[in-house]
Number of protein chains: 2
Amino acid sequence: MYRYEYPRPAVTVDVVIFSMRADDLVVLLVKRKLAPYKGQWALPGGFVNPNESLDRACARELEEETGLSNVRFQQLGAFGDPGRDPRGHTISVAFFTFIVAESAILRAGDDAAEVAWHPLANLAKELPTGTHPAPVRRTKARAVVGKGGKPARPSRATKKGTIDLAFDHRRIIDMAQMCLVERLRDPTRAASFDLVPSHFTMSELQRVYEVVLQHPLDKRNFRAKLLAAHLIEPASASRRGPHRPAQLYRWKGAAR
Amino acid sequence: MYRYEYPRPAVTVDVVIFSMRADDLVVLLVKRKLAPYKGQWALPGGFVNPNESLDRACARELEEETGLSNVRFQQLGAFGDPGRDPRGHTISVAFFTFIVAESAILRAGDDAAEVAWHPLANLAKELPTGTHPAPVRRTKARAVVGKGGKPARPSRATKKGTIDLAFDHRRIIDMAQMCLVERLRDPTRAASFDLVPSHFTMSELQRVYEVVLQHPLDKRNFRAKLLAAHLIEPASASRRGPHRPAQLYRWKGAAR
DNA sequence: CGAGCATGGTGTGACGAGCACACGAAGTCA
DNA sequence: TGACTTCGTGTGCTCGTCACACCATGCTCG
């Protein structure tokens with residue numbers, strides 16, 4: 001039937017996956033195996049296949065590059081500035097979510113030389129608006145916290161302790177973070193993320209909030225607001241430790 | 001340099017422009033001059049040119065099809081279900097905004113046979129999920145409120161008084177409306193839209209809110225909240241009528 | 001020119017949400 | 001058994017939100 005054959009921009013998906021790791025807000029990155037930006041860290045993602053929905057492309061790319069599956073995303077938006085990809089005009093649809101790092105089994109595959117969680121604080125700031133970083137090849141090595149919490153491969157970095165991301169991925173992460181904070185303000189919307197394992201204590205959940213929002217919360221107010229939302233319920237067990245055991249909670253409607 | 005030549009989905013932009021007209025929330029539509037969905041109403045929009053940013057594509061398509069320029073948009077998101085466009089896999093990045101209809105001079109151009117504001121209430125409901133309407137050719141005529149508030153061309157319709165939109169545009173409009181409501185709840189974010197002309201009375205602005213939010217607001221609370229936000233200031237003049245003159249306001253920081 | 005009419009403009013009190021605040025309870029460990 | 005650590009809870013204040021009714025002002029029309 002009808003079909004225009006104008007030159008087309010390419011379409012990719014990129015995924016921002018946040019998590020908590022030792023009181024840090026971390027994001028899942030892959031080290032690129034191919035040009036452009038070969039050897040630099042980037043968001044998992046890739047080209048959309050013909051007749052593939054955006055959500056499916058997102059899930060597929062994530063699975064191919066990191067081994068993760070069964071993750072639900074929120075769409076963040078489309079990024080389409082010409083020049084954001086040295087291969088040519090490329091429009092990226094970004095997704096984001098939050099998962100529990102401990103339950104994620106990572107496996108670098110496909111175009112990824114490596115997969116690791118990186119604290120947001122270790123990433124170089126977004127460049128002054130307009131310009132995008134050109135792919136670089138040579139840089140001094142730098143240790144970062146990687147998979148498993150142990151020091152990982154040295155990686156490219158330009159400033160003390162910071163990693164430059166490929167493409168405009170730093171900007172995408174910034175926007176995802178803003179969006180995440182926005183969601184967390186409303187408990188109902190926050191419940192769509194896996195902020196904590198299926199059973200959790202109040203303090204565990206509160207710590208996630210504090211790390212993401214970047215300011216401390218009052219224990220009692222936090223508890224009261226969350227309970228008022230009727231989204232969680234006490235689970236039978238409690239968590240032990242070198243102190244008084246804590247009540248475990250779980251999301252309402254979750255399978256026992 | 002590097003360049004993949006996989007088959008690519010096409011990329012379009014679509015624009016949802018809301019406005020007020022005689023106590024109705026209206027949206028700007030164009031009647032398609034070309035297949036697919038020839039003769040049906042659709043959102044203004046079209047293909048993204050090579051090396052054109054999404055915002056620029058959006059502004060260009062809007063200008064080409066409706067004559068409108070100098071409009072600022074917010075991005076709504078990307079719609080990429082395969083099957084949403086009978087021409088083949090097409091990803092549309094949607095934008096939306098709100099403008100003052102009275103100050104908009106419309107001119108159908110390019111692929112548009114006609115341009116008109118349509119009350120949201122006159123549009124057919126979104127179809128049951130999953131399916132998308134196939135292009136239809138023959139249908140019974142139906143009068144709708146068009147450009148200028150007068151009855152416009154008869155148009156395609158399937159149910160009494162409702163118009164079926166092309167593609168998944170009805171769904172896009174629904175999402176834009178939800179997003180619009182969301183923004184209006186926060187005066188700061190609402191200020192990025194042209195809800196009212198540069199000088200306006202409290203009641204005029206309030207009426208816009210009531211129409212969009214679809215419920216009445218208390219006059220005093222509305223006034224108080226808006227003034228508390230320090231976003232508007234009284235202008236010198238006042239508006240006359242067959243009653244007590246009303247104080248005019250304008251957005252702070254607006255040119256005198 | 002005065003009465004009626006339509007809209008403009010204003011203050012208060014009730015209520016609930018959010019916040020800051022301190023202390024006893026229940027375990028572990030030495 | 002005492003010290004320590006984290007858990008769990010109730011109250012009072014403040015502030016924002018909401019509902020609510022009346023007089024003011026200018027126009028029109030008889």
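Per chain, numbering begins at 1; letters A, B, ... match sequence-line order.
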task = Measure the shortest side-chain to side-chain distance between Phe73(A) and Asp55(A) over non-hydrogen atoms and say whether it is less than 4.5 angstrom.
result =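 No; the side chains remain at least 4.5 Å from each other.
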
Would you kindly give the [atom1]-to-[atom2] distance between [X] and [N], to the nearest whole Å?
X: Tyr209(A); N: dG18(C); atom1: OH; atom2: P; value: 12 Å
X: Arg185(A); N: dA17(C); atom1: CZ; atom2: P; value: 19 Å
X: Leu205(A); N: dG8(D); atom1: CG; atom2: P; value: 13 Å
X: Met202(A); N: dT9(D); atom1: CE; atom2: C1'; value: 12 Å
X: Gln206(B); N: dT7(C); atom1: CD; atom2: P; value: 13 Å
X: Leu213(A); N: dG18(C); atom1: CG; atom2: P; value: 14 Å
X: Arg239(A); N: dG8(D); atom1: CZ; atom2: P; value: 11 Å
X: Leu226(A); N: dC7(D); atom1: CG; atom2: P; value: 15 Å

query = Only one of Val71(A), Val16(A), Leu28(A) forms a side chain to side chain contact (heavy atoms under 4.5 Å, CB included) with Thr97(A), so which one is it?
reply =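 Of the listed residues Val71(A), Val16(A), Leu28(A), the side chain to side chain contact (heavy atoms under 4.5 Å, CB included) partner of Thr97(A) is Val71(A).
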
message = Under 4.0 Å from OP1 or OP2 of dG8(C): is there any side-chain N or O of Ser203(B) that close?
response =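 It does, given that an N or O in the side chain of Ser203(B) lies less than 4.0 Å from OP1 or OP2 of dG8(C).
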
Check the interface with nucleotides 26-29 of chain D: list each N/O to N/O pair with the protein under 3.5 Å, or write none.
from, atom 1, to, atom 2, distance (Å)
dC27(D), OP1, Arg240(B), NH2, 2.4

ask   = Taking for each residue the nucleotide of DNA chain C with the nearest heavy atom, is it Lys225(A) or Gln247(B) whose nucleotide lies nearer the 5' end?
value =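 Taking each residue's closest nucleotide, the earlier one in sequence belongs to Gln247(B).
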
key: Nearest non-hydrogen partners of Trp117(B) and Ala104(B), listed with the distance   =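 That would be CZ2-CB, 4.3 Å.
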
message = Please determine whether a side-chain nitrogen of the Lys or Arg among Glu63(A) and Arg107(A) lies less than 4.0 Å from a carboxylate oxygen of the Asp or Glu.
response =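 Yes.
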
ask   = Do Glu61(A) and Arg56(A) sit within salt-bridge range, that is, some charged N less than 4.0 Å from a carboxylate O?
value =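 Looking at Arg56(A) together with Glu61(A), the answer is no, because their closest N to O distance does not fall below 4.0 Å.
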
request  = Check Gln206(B), Gln214(B), Arg207(B) against Glu210(B) for a side chain to side chain donor-acceptor pair (under 3.5 Å) and give me the one that passes.
outcome  =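 The option that passes is Gln206(B).
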
query = Between the main-chain N or O of Leu248(A) and the side-chain N or O of Thr201(A), is there a donor-acceptor pair closer than 3.5 Å?
reply =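 Absent.
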
ask   = Which residue pairs satisfy the salt bridge (charged side-chain N to carboxylate O under 4.0 Å, His left out) criterion with at least one member in residues 196-206 of chain A, sequence neighbours excluded?
value =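 Checked against salt bridge (charged side-chain N to carboxylate O under 4.0 Å, His left out) - neighbours excluded - the pairs reaching residues 196-206 of chain A are Glu204(A)-Arg239(A).
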
Polar-atom pairs under 3.5 Å, protein N or O versus N or O of nucleotides 10-15 of chain C: list them with distances, or write none.
from, atom 1, to, atom 2, distance (Å)
dT10(C), OP2, Arg223(B), NH1, 3.4

query = Does the side chain of Ser53(B) pick up a donor-acceptor pair with the side chain of Asp81(A) at under 3.5 Å?
reply =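 Asp81(A) and Ser53(B) do not have a side-chain donor-acceptor pair below 3.5 Å.
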
